[in-house]
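Report on one structure; see the data block that follows.
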Amino acid sequence: MSGFFGVASKSDCVSDLFYGTDYHSHLGTKRGGMCMLNSAGYTRFIHNIENSQFRSKFEDDISKMHGTRGIGIISDYEDQPLIIRSHLGIYSIVTVGVTQNADELAKEAFGKRSIHFSEMTGGQINPTELTAALISQEASFADGIAHAQDAIEGSCSILLLTEEGIYAARDKLGRTPVVTGRKDGACAVTLETCAFPNLGYQIERYLGPGEIVKLTAETIEQLRPGRRKMQICAFLWVYYGFPASCYEQINVEAVRYRCGAALAANDDLEVDLVAGIPDSGTAHAIGYADAAAVPYHRPFVKYTPTWPRSFMPQDQETRDLVGRMKLIPIREIIKGKRLLFCEDSIVRGTQLRGTIQRLYDFGAREVHMRPACPPLVYNCKFLNFSRSRSQLDLAARRAIEQIEGQTDVDLAQYADPDSKKHRAMVENIRKALNLTTLRYQKLADLVAAIGLPKEKLCTYCWDGACPQ
Ligand code: SF4
């Protein structure tokens with residue numbers, strides 16, 4: 001996934017842009033970028049952030065950037081922001097989402113012959129460049145954004161930095177949030193609302209799906225109303241999102257406590273302590289421990305001074321090594337204990353297996369696992385979450401293949417928590433992870449913990465539901 005931030009101010013706003021963008025660093029691992037506009041034109045920097053943090057990469061650039069308007073991105077895939085010269089004028093663009101039909105859209109564009117795209121390493125078109133090409137086909141920025149959003153299959157939230165102001169658009173089904181904020185002399189737009197409090201912004205509005213607004217230092221003008229139909233990513237609350245953020249006015253940390261409480265309500269297990277795998281399992285575990293009246297302890301502590309991030313680097317072997325190095329087990333807390341761990345989710349399960357083994361190595365008597373969401377059966381098609389993964393990277397899909405002896409399987413029966421096949425899949429994962437017990441969150445409980453109607457949530461990666 002990726003995250004963006006934009007600000008329009010009466011005074012120089014590079015500091016707000018820098019920190020506002022940085023507050024999205026948990027969402028992306030590949031590229032960071034910022035673009036500012038002043039009377040001399042656009043100034044842009046893009047850096048590789050695979051091996052070091054956004055802040056350290058951009059520290060030297062800050063002194064070279066000045067302006068009263070800017071956009072920034074933490075990107076999980078392509079280089080951004082791009083600066084585009086078009087018949088609409090020069091503008092800068094950042095996007096969040098996935099364009100599933102990029103090849104078809106590019107082919108269509110090639111029919112007009114006068115267009116071409118730069119090629120990314122790996123033979124892909126930069127999807128942000130493709131979005132810009134769609135925008136530039138229309139007579140105005142607002143029409144262009146609406147055209148791009150209609151044409152793109154997947155999801156695409158957009159910020160455009162222009163001479164007229166900052167255009168902000170939420171993807172047409174609202175899979176990612178886009179929120180506007182205001183303070184004296186400035187307006188801002190963000191994906192993560194946790195970017196606002198320390199910069200002094202008050203939330204002004206949560207944009208609706210497909211809504212387009214234009215920000216200046218003093219005004220936030222609606223150019224296209226939001227649609228009623230929404231499919232916001234439920235995984236934001238479970239895992240992606242930062243605890244201090246709210247989406248649709250619902251706080252992430254509070255949802256995680258409710259997820260943990262729901263897991264506890266379905267359990268009758270006796271354990272000595274509840275713990276979370278740091279960091280994303282922590283809030284779920286606190287919710288469980290509170291509801292079950294079992295002590296919350298920390299059998300693992302995370303060595304945060306040098307391992308602050310969870311996803312990097314990109315290759316699996318090194319990521320496993322990093323995963324191991326940053327979690328330090330405490331024998332005194334683990335030895336002889338019955339431990340119940342809450343996790344946000346089980347994705348591949350490869351790192352988790354090693355983590356569980358270490359608990360036994362340090363003397364754990366029992367290790368129970370309670371993921372805060374159901375098994376991930378389908379790969380995400382709408383955000384960057386699983387772009388580099390094959391379906392069989394998912395622990396649930398590996399289990400299904402082992403049970404069925406093939407990959408061409410009706411997955412719906414495995415997604416049904418009351419089916420025999422589902423139980424067999426969970427048992428297969430439990431054995432593979434060497435857990436004493438494994439019990440997943442039910443989708444209905446997760447939906448209740450979030451508090452929005454199911455039809456307003458994307459739950460595709462758990463149940464394959466894909467209403468358009
Ligand atoms: S498929 Fe899963 S991760 Fe992707 S948008 Fe839907 S809920 Fe979110």
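Note that this is a predicted model, so its numbers are computed, not measured. Atoms within a ligand are numbered from 1 in the order they appear, just like the ligands themselves.
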Would you call Glu404-Lys421 a salt bridge at under 4.0 Å N-O?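 Judged by the 4.0 Å cut-off on N to carboxylate O distance, Glu404 and Lys421 do form a salt bridge.
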Using 4.0 Å as the upper bound for N to carboxylate O, is an ion pair formed by Arg227 and Glu211?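 A salt bridge is absent here (no side-chain N lies under 4.0 Å from a carboxylate O).
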Judged on heavy-atom distance to atom 5 (S) of ligand 1, which of Cys373, Cys233, Ala234 sits nearest?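 The nearest heavy atom belongs to Cys233.
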Using 2.8 Å as a strict upper limit, say whether an N, O or S atom of Cys461 approaches atom 4 (Fe) of ligand 1 that closely.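 For Cys461, the answer is no, given that no N, O or S atom comes within less than 2.8 Å of atom 4 (Fe) of ligand 1.
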Which atoms of ligand 1 sit under 4.0 Å from any heavy atom of Tyr460?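 Here the atoms of ligand 1 in question are 1 (S).
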Under a 4.5 Å cut-off applied to non-hydrogen side-chain atoms, are Tyr414 and His422 in contact?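 In short, these two side chains do not touch, never coming nearer than 4.5 Å.
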Close aromatic pair by centroid cut-off 6.0 Å: Tyr91 and Phe141: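 Yes, they do, as the ring centres are separated by less than 6.0 Å.
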Regarding Cys458, does it place an N, O or S atom less than 2.8 Å from atom 6 (Fe) of ligand 1?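 Yes, since at least one N, O or S atom of Cys458 sits under 2.8 Å from atom 6 (Fe) of ligand 1.
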